[in-house]
Amino acid sequence: MRTAIMILAICLFIAGPAAKVYGLDHANIYMIASGIGLLMITGLGFIKKKD
């Protein structure tokens, strides 16, 4: 489950800048999603895995 969340977070993180580069409509909303992905990545970095 942790791996799936990490993959989703990375995809969200990459979507924002990619939308800006390609000039997609509503690129600002993609940037908000990118921020959420960054928060997810940071959160998973601080939460310790159970052994």
Side-chain angles (χ1 to χ4, degrees):
M1 185 68 176
R2 184 178 174 94
T3 305
I5 293 172
M6 184 61 83
I7 291 170
L8 174 67
I10 291 170
C11 289
L12 284 174
F13 182 65
I14 292 172
K20 282 285 193 183
V21 168
Y22 291 118
L24 297 178
D25 294 335
H26 308 292
N28 290 332
I29 295 185
Y30 288 106
M31 289 303 287
I32 293 170
S34 179
I36 292 170
L38 180 62
L39 289 174
M40 290 170 65
I41 292 170
T42 305
L44 286 174
F46 284 110
I47 296 173
K48 296 186 183 222
K49 284 201 269 185
K50 294 180 182 178
D51 290 334

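Atoms considered below: every heavy atom in the structure, side chains included; atoms not considered: hydrogens, waters and symmetry mates. Computed from a predicted structure; not experimentally measured.
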Margin query: To the closest 0.5 Å, what do you measure between OH (Y30) and CD1 (I14)?
Written below: 15.0 Å
Next item on the list: Please round to the nearest 0.5 Å and tell me the distance separating atom CD1 of I29 and atom CD1 of I32.
Entry: 6.0 Å
Notebook entry, point to check: Hey, any chance M6 and M1 share a hydrophobic cluster, counting ILVMFWY side chains that come within less than 4.5 Å of each other, even indirectly?
Noted result: yes
Next item on the list: Identify the heavy atoms of R2 and L44 that sit nearest to each other, and give their distance.
Entry: NH2-O, 2.7 Å
Next item on the list: Might you point out which heavy atoms bring M40 and A9 nearest each other, and give the distance in Å?
Entry: CB-CB, 3.7 Å
Item checked: Spacing of L8 atom CG and I41 atom CD1 [to the nearest 0.5 Å] -> 9.5 Å
Next item on the list: Taking all heavy atoms of K20 and all of N28, pick out the closest pair and write down the distance.
Entry: NZ-OD1, 3.0 Å
Item checked: For the student: nearest non-hydrogen atoms of P17 and S34, plus distance -> CD-OG, 3.8 Å
Checklist line | Sequence-distant partners of A33, side-chain contact (heavy atoms from CB on, under 4.5 Å), two or more places apart | finding: L12
Next item on the list: Quick one: pull up CD1 in I5 and CD1 in I10 and give me the separation to the nearest 0.5 Å.
Entry: 12.0 Å
